[in-house]
Amino acid sequence: MATRDEPATSATAAAEAVTAPSAVAATAEVARRGALWKKSRSGRARRLLRRSGWKEKAATLYTDGRLCYASEGSRVRPSSPSTRTFHIAGALIDSLSTGEAIEAGRPHAFKVVTPTGNVLLLAGEDAAVAEEWRASLASVAAAAGAAAGGGAPRGSTLAAVRAAWARADGDRSGGLTRAEVLRLTESLRVRVDKADISAAFRRAAAAAAATSASGAAASAAVGSDDDSFSSSDLGTGPRLTFPQFITFFRRLHVNPVVEGLFADALAADPAPPAASTAAATQSGTATVTPSTDDAPALLSAAGLAATLSISPDAASALMVKYGDDPDAAVCDLLTFAEVLSSTEACVVPPSLLDHSAEEVAAVPSEETLDLPLSEFWISSSHNTYLQGDQLRSESSADMYRMVLLHGCRCVEIDVWDGDEGEPIVYHGHTLTSKVPFRDVIDVVAQYAFVASTAPVILSLENHCCLAQQVRMAAHLTAGLGDLLRLPQPADADALPTLGSLLGKVLIKAKKGAVSALVAAATGDPDASAASATAPAAVAVSGDDDSDASSGSPSNSGNGAAASKPKKKVKAVAVELASLVTLGGGSRAAVQAAFEAGETHPPGQPVTDVCSFNETKVESMVAKHRSHFTAYNARNITRVYPAASRVNSSNYDPTVAWNAGAQIVALNWQEHDVGMQLNHGRFLANNACGYVPRPALATSASGAVKPPAAACGYLTLHVLAGARLPAAGGVAAGAPTDMVDPYVKVKLYDAASAGDFEPSGKARTVTVANNGFAPAWATGPSASEPSKLRVTDRRVALLVFTVWDEDTARSDDLLGYVAVPLPMLPDGVVTLPLAGADGRAVRSADARPAVLLVRVGWQSDIPKV
C-alpha cells in the first residue's frame, strides 16, 4: 500500500485509499464490525514489523472486500481524521511465521497479503477474537476475489489479476498501454526484465491487431517500437484489453523448458486430439511441436494425467481451473505451463510447509500406527519458551503455540520455583524473563492437536522444590484433563505404539522406580525422602538432566573410572512422578555401558529417555556408533544443542538421526540450515511430526550397513522455476527489483561427515533478470544433470536453495526446499519453495513459488 515515504503507483494507490467517512459506499452489506488491532503504517515486507506500535481500530468489513477503519489525523492536520479503506479481494489471510511473530511483539497476530503484494498486520484482542476476524476476512477475501475474477476459482490467473487490471485502467478505456502494463506487472511482482515484457507486449498487441480491421497499421506500429517504457505512451499506442492481457500474462509463465516438457507430453499422449496429431506430423516423421500457425498443439486430459501421475478426472479439473475455457477438454501450452507450476502439481503439498490453524490436523499413515515410539524420529524443540537468544531474550507461552502449529511434537519446559508458591518457566541462572508454568500448560492444552493428531511430549526439566512440584502436577492434571496420558503397567515391557497415543500428551521427566512410587504413595517412610509433614516424594539417582550439564562420565576415558559416575540425588514429588510416562535415564550409566562393550546399562527400563548434548553424541558416534545405534533400537535418546550456542544457532541434526536418535531437539528461534533439514525431515508421514525411522545396522567397526537396494546413484537436473520472490519474501523490495537466480543442491545421507558437510552437491548457472519463469536447462550455458552417490536413500535428505547472485555483496537466499529422497519419484517433479522462515512462498495470487526438477534413481541392485 502507498505510504508517505513511498509514492503510489496506479496499481497500488487504490490499495488503501483515504476518503471521508461519508464516502464509504453503503451498497455492500457489513460482514463484521468490531475492534481490531493494527500495526501502524503497515507496508511492505520487513519494514512493517519494525515501525511504530499497535493501535486499536474500530473496523468494519464489507462483503465487497473493503476493510474500513478510522484513522487519526496526521501531525500536519491533527483535526482531520478520516476513514481508511483496505481492499482485500483475493487476499491471502495468513498466520505469522515464528520469526515474524517475535518481531511483531503481539500475540494473536496475523497478516493480510493482497494480490498486489501489500501487507496489513492485524491482531485480535484475544485468541477467540483473532480467529473470528481471520475467518471473516478469509471468507470475504475469497468471495470478493472470485467476484472480481468473474467467478474464476481462487488460485487461477483470472481471479488474481482482474481486480488489479481494473485499477490499472485508470482512464477506464478498457485497455492498457505499455506503460500501464509495466506498472501492473510490477504491482503483481512479475520480476522479469523490461525488455522481455516489452517484447511480450509487442507480440500480444500484434496478435490482437492481426484480428482487427486496422491490423496491418497497428501491427506495424507495434513492431517498430523499441524496448523502452515511458510515461509518454500513456494514452497513445496499442492497448491490451483484459482478455488480451490475460494471454500476455500467462505467456510470461512459458520458457523453453516448459515448451520442451509440453512437447514430451504431446509425444506420449495416449489419446491425442486430432488437431495435435496433424500438427505434430511432418514429412512422415512424428515431430512434436508446441503449436503451429494453423493448429495449436493440444494435450488431452489423459496426456496431462500421465504427465502429472494423476487421474484423468483430476487432470480435467485442473484444465477447467487453469484454462481459459471451462468447457475445453484439452490443454494448450499456456494452460500446461500454469498447471505444471500449480499447487496441485507439487509432489510436496505447499500446505505441509505451513501447519497453520486453517489446515486439517495431520494424521499419521495407518501403516505407522503399530510401531513403538522408539522407531520414530520425533520433531522436537529446545528451550521452547525462548523468543531469541539463550541468555537475555523474552520467555513466552505463545512460543509453544507457534511451534505446535508448525508440527513440533516434543517441547521443553524448564520449571523453577516461583513467587507465591507458583512454578515458573525460564532459562535458569540467566537474564531471560519468566512465564508462569500454568500459562504454558494452558497453551499446550489449546494447541497440542490443531496441526497434528500425533502425541505431544512435554520434556520437563524440573528444578522445583517438592511443594511446587505438587503445584506442577496439579496444573498438568487440571490443565490437560483427558489429554494427559498416564503411565500404564504394560509400559514396563514395551514402549507404547503411536496409534495408542493419538491425541494424548505424555510427560517426560525424572522419576523414581515403580516400587518407590508405590511405597511413597502408601506412606512407607523408607521409600520417601520427605518428612511426615512434607509432600510424599521419591529419590531419583543419576546425573542431572539439565541441558547445561555436560554429562561426561570421565575426563580420562578410563573404563573403570567411567563405571562409577558421579551421583546426584533429587527428590521428586510422588504426585508429579506418577504422571510421568517417559522417565529420565542416566546418561553416565549409558556411556559407561558403551565403554564396557555393552549396549544398555543393566536393568534399564525401556521407558527411560537419556539426554545428551550434541558434542557428546558426536563423540559416541565416532567411538561407539554400533553400540549407540543398538541402544536407540530399544530406548529413546534426546539430543540438545551445546550450551555454547547462546545465539540459538543449531547443530547438524543428521549425525544424531543417522545413529538412530529419536528426539533431536533444535532451537526453533533461528531458522538456519539445521532447521531447514528438520523442516525437510518431517514432511514425511503427512507432516504429523513422527517419521518412521528405518532399521539402522552397523558393522562391528561402526560402519553403516544399509541394504543394497538403498544404495545407488541419484541423477538430478534443475530445469526451471516459477514465481520466485525477491530477497525477504514476495512483498519485499521494490516492485522493480530484479533477481538473478541460481540453485544449489546438497545431499545429506549416511555418508555425510556432519557439521553441515553434504555427501554430494551441485549448482546451476545463473539466470539474469528473471525470477518469474527462470530456465536453467536451456541456452548455450545450460546447467547439466548432476550424478550423486547415495549411501542410504532411506535417510537421505535433499536441500535445494535458490539464491540471488549479487556481485556487490553476499548473495541473498530467495527460498529453499528440503525433502526426503524417498518422497521424490522418478521423472519431472514440481517442488514448492519455503522462505527463509520455513513457510511456503506464495505469489500475490496465492500460488506457490516452485522449482521443476528431473529426478532419476539407479539402485545398485540391477533391475531384472
Side-chain angles (χ1 to χ4, degrees), residues 157 161 181 185 188-204 207 227 245-267 288-292 296-297 299 304 307-308 322-323 331-342 345-346 716-726 738-743 763-785 800 802-805 814-815 817 827-833 841 843 845 847-855:
T157 297
V161 176
V181 165
T185 54
L188 293 171
R189 296 304 196 270
V190 179
R191 303 186 188 278
V192 179
D193 189 82
K194 287 184 179 181
D196 294 333
I197 293 181
S198 178
F201 179 90
R202 290 202 310 272
R203 288 194 300 268
D227 288 340
F245 177 80
I246 284 294
T247 301
F248 155 85
F249 184 69
R250 295 175 72 202
R251 191 64 181 77
L252 293 176
H253 289 79
V254 178
N255 55 41
V257 167
V258 173
E259 291 178 337
L261 294 175
F262 186 59
D264 292 342
L266 290 172
V288 180
T289 57
S291 64
T292 68
L299 185 68
L304 182 61
T307 301
L308 300 180
Y322 293 102
C331 172
D332 63 7
L333 173 62
L334 300 187
T335 301
F336 178 82
E338 290 208 60
V339 170
L340 195 62
S341 63
S342 68
C346 291
L716 289 175
H717 196 189
V718 179
L719 303 176
R723 298 180 292 274
L724 303 182
M738 293 292 111
V739 295
D740 304 320
Y742 66 90
V743 181
R763 199 206 124 135
T764 69
V765 297
T766 300
V767 172
N769 293 334
N770 192 340
F772 193 67
W776 292 284
T778 60
S781 58
S783 298
E784 297 295 327
F800 299 82
V802 185
W803 300 85
D804 179 17
E805 188 172 86
L814 302 181
V817 58
V828 177
V829 298
T830 303
L831 295 173
L833 291 174
V841 177
S843 66
D845 55 0
R847 289 184 295 169
V850 301
L851 293 178
L852 299 179
V853 182
R854 192 184 299 275
V855 180

Among residues at least two apart in sequence or on other chains, which ones pass side-chain hydrogen bond (donor to acceptor under 3.5 Å, both in side chains) with D740? none
Would you please name every residue forming a ring pair (Phe, Tyr, Trp, His ring centres under 6.0 Å) with F800, sequence neighbours left out? none
V850: which residues meet the side chain to side chain contact (heavy atoms under 4.5 Å, CB included) condition with it, sequence neighbours left out? S341, C346, A722, T830, P848
Exercise: identify the closest heavy-atom pair between F336 and V258: CE2-O, 3.9 Å
Which residues satisfy the side chain to side chain contact (heavy atoms under 4.5 Å, CB included) test with V254, sequence neighbours excluded? R251, E259, L333, L334, A337
Residue set satisfying side-chain hydrogen bond (donor to acceptor under 3.5 Å, both in side chains) with T307, at least two apart, ordered chain then number -> none
Any residue meeting side-chain hydrogen bond (donor to acceptor under 3.5 Å, both in side chains) with S342, in chain and number order, not counting sequence neighbours: E344
Show the nearest heavy-atom pair for residues V257 and A775, with the distance to one decimal. CG2-CB, 3.8 Å
Closest approach of L308 and A345, non-hydrogen atoms and distance? CD2-CB, 4.2 Å
Set of side chain to side chain contact (heavy atoms under 4.5 Å, CB included) partners for T764, sequence neighbours left out: V718, Y742, V743, W776, S783
Heavy-atom closest pair (F262 atom, D332 atom, distance to 0.1 Å) is CZ-C, 3.8 Å
Donor-acceptor contact present, side-chain N255 to main-chain A773, <3.5 Å: yes
Taking every non-hydrogen atom, the tightest pair across M738 and D804: O-OD2, 4.2 Å
